[in-house]
Amino acid sequence: MKTRIISGLVIAPLLILVLLGGPWIKGAVFIITVLGLYEFYRGFHNMDVHPSYPIGIVSVCLLYFINIITFYVHPFTPGMTPYLYMMWLFISVLICLLYMFKIEERNLSDAMATITGIVYVGFFPYHAALAEDTFAVLCGVSPVWLILITAFCTDIFAYFGGYFLGKHKLCPKISPKKTIEGSICGTLASTVFCAAFGYAFMDREYMLAFILTGLAGGIFSQFGDLTASIFKRKMGIKDYGNLIPGHGGIMDRFDSVIFTAPMIFYILMIFFADKL
């Protein structure tokens, strides 16, 4: 419980940035990505795998540069933007593969870990910035609230649901403390809170979208949490970092957001496509 309280204090400044919206949200996502990428790559060192942090940072900076150019400086035609992101992916993967050219010093696993970090820690959370760009005007409030609600409501209610009701283990070999009862409580809470938020602050015409957002977000939030636990187990570490002494790092606090951000973006894209 103490961890949850401290985590809440860490997250509080982020909520202020979400209230400010726009570029502030992108700045927050960028900073979280840069710190998270460092923690993620450092975890591989325990496995004698050495991804390139400079390549990861260059790739992430290029991703946000494309965003700034297309959204603020020189908006391209809608059909051009996907090709810019395809170009970014090509360049990122190419550089990671070229990283292996010092064949005496580097292994295939070093390049693969670098690519994994760029996609998993860089591109997946970037969907929060895309959601802000695409849907903020249509929704009336920042759609990033939906991402945070699904991630943190699921985490909080899954914890307390498991604490008071938990009897059946969910994935004991991955995360021994998680229970099926807690998982159900977390998913239901995510669904209810997203539906309530959509009803109160967004277009009620799209209530089905908000309900599905909460449901899918609650499920994928837990997938994100479990995936992060698998990485840590394979890396042989307890926490990704020590930003909060005794309570882990950035990746430990935002691991569930990594999967919820893309999922919610694509759900909103389906339902709001006619208004774009």
Side-chain angles (χ1 to χ4, degrees), residues 1-12 14 32-33 35-49 51 109 112-113 116-117 119-121 124-125 147-194 214-264:
M1 187 177 298
K2 182 180 177 182
T3 301
R4 263 63 185 179
I5 295 173
I6 294 178
S7 298
L9 295 176
V10 173
I11 293 166
L14 175 64
I32 290 171
T33 297
L35 295 175
L37 197 62
Y38 173 76
E39 294 176 351
F40 186 68
Y41 282 164
R42 188 175 61 177
F44 278 104
H45 292 176
N46 282 6
M47 305 168 61
D48 197 27
V49 176
S109 56
M112 295 302 100
T116 300
V119 176
Y120 175 61
V121 185
F124 281 14
I147 297 172
L148 297 179
I149 288 171
T150 56
F152 298 123
C153 280
T154 301
D155 180 61
I156 292 170
F157 282 88
Y159 172 78
F160 284 107
Y163 184 83
F164 291 107
L165 304 174
K167 293 182 179 179
H168 302 89
K169 299 297 182 182
L170 180 65
C171 297
K173 292 185 178 180
I174 299 175
S175 186
K177 294 183 179 180
K178 296 188 184 303
T179 64
I180 294 175
E181 292 81 2
S183 175
I184 294 172
C185 287
T187 303
L188 289 176
S190 173
T191 305
V192 170
F193 276 89
C194 275
L215 179 61
I219 294 171
F220 278 81
S221 171
Q222 295 176 70
F223 283 157
D225 197 346
L226 290 170
T227 300
S229 296
I230 292 174
F231 273 119
K232 287 190 285 187
R233 284 188 174 274
K234 294 297 184 180
M235 292 172 177
I237 59 177
K238 183 179 182 295
D239 296 313
Y240 279 112
N242 56 2
L243 179 67
I244 315 168
H247 299 278
I250 284 289
M251 283 290 291
D252 297 291
R253 302 280 69 84
F254 292 95
D255 50 11
S256 56
V257 174
I258 291 176
F259 279 13
T260 57
M263 176 53 60
I264 290 173

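One-based numbering along the sequence shown.
- A distance-only check finds a donor-acceptor pair linking the side chain of Asp252 to the backbone of Tyr240 [under 3.5 Å].
- Side-chain contact between Ile180 and Leu170: present, with at least one pair of heavy atoms (C-beta onward) separated by less than 4.5 Å.
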List the steps and the verdict of side-chain contact (heavy atoms from CB on, under 4.5 Å) for Thr227 and Asp255. CA-CA 8 Å; Thr227 300; Asp255 50 11; over 6 Å; no
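- Proximity of a side-chain donor or acceptor of Asn46 to a complementary backbone N or O of Gly43 within less than 3.5 Å is not detected.
- Below 30°, between 30° and 60°, or above 60°: for Phe254 and Phe152 the angle between ring planes is above 60°, a perpendicular geometry.
- Across Pro176 and Arg233, no two heavy atoms sit closer than the pair CD-NH2, 3.3 Å.
- Annotation: side chain of Cys185 is in contact with side chain of Leu165 (closest heavy-atom distance under 4.5 Å).
- Between Cys153 and Phe193, the shortest heavy-atom contact is SG-CG, 3.8 Å.
- Although no hydrogens or angles enter the test, the distance criterion places a donor-acceptor pair under 3.5 Å between the side chain of Ser190 and the main chain of Gly214.
- A ring-centre distance under 6.0 Å is found for Phe220 and Phe223.
- Considering all non-hydrogen atoms of both residues, Ser229 and Ile174 come closest at CB-CG2, 3.8 Å.
- Ring geometry, Tyr120 versus Phe259: the interplanar angle exceeds 60°, so the pair is classed perpendicular (tilted spans 30 to 60°).
- Between the Glu181 side chain and the Gly161 main chain, no donor and acceptor come within less than 3.5 Å of each other.
- For the side-chain contact (heavy atoms from CB on, under 4.5 Å) criterion with Met251, the lone passing option out of Asp239, Ile258, Leu35 is Ile258.
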Given the rule in the side-chain contact (heavy atoms from CB on, under 4.5 Å) test, do Thr191 and Leu188 qualify, once you have shown the distances and angles that lead to the verdict? CA-CA 5 Å; Thr191 305; Leu188 289 176; 5.5 Å; no
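- Put simply, SG on Cys171 and NZ on Lys177 are 16.0 Å apart, with the number rounded to the nearest 0.5 Å.
- Residues Ala113 and Tyr41 come closest through the heavy atom pair O-CE2, 3.4 Å.
- The CD atom of Glu39 lies 10.0 Å from the NZ atom of Lys232; values are rounded to the nearest 0.5 Å.
- Checking side-chain atoms of Gln222 against main-chain N and O of Ser183 turns up a donor-acceptor pair under 3.5 Å.
- Rounded to the nearest 0.5 angstrom, Lys178 NZ and Leu226 CG are separated by 6.0 Å.
- A distance of 13.5 Å separates CD1 of Ile32 from CG of Leu37, quoted to the nearest 0.5 Å.
- In this structure, Phe231 and Phe44 have perpendicular ring planes: the angle between them is above 60°, well past the 30° mark.
- Atom NE2 of His45 is surrounded by more than 12 heavy atoms from other residues, nucleotides or ligands within 6.0 Å.
- The two residues Thr33 and Pro125 have their closest heavy-atom pair at OG1-CB, 4.3 Å.
- Nearest approach of Gly162 to Thr179, heavy atoms of both residues: CA-OG1, 3.4 Å.
- For Ser221 (side chain) and Gly218 (main-chain N/O), no donor-acceptor pair under 3.5 Å exists by modelled atom type.
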Chi angles and distances behind the side-chain contact (heavy atoms from CB on, under 4.5 Å) call for Ile219, Met263: CA-CA 10 Å; Ile219 294 171; Met263 176 53 60; over 6 Å; no
From CA spacing to verdict: side-chain contact (heavy atoms from CB on, under 4.5 Å), Ser256, Thr154: CA-CA 9 Å; Ser256 56; Thr154 301; over 6 Å; no
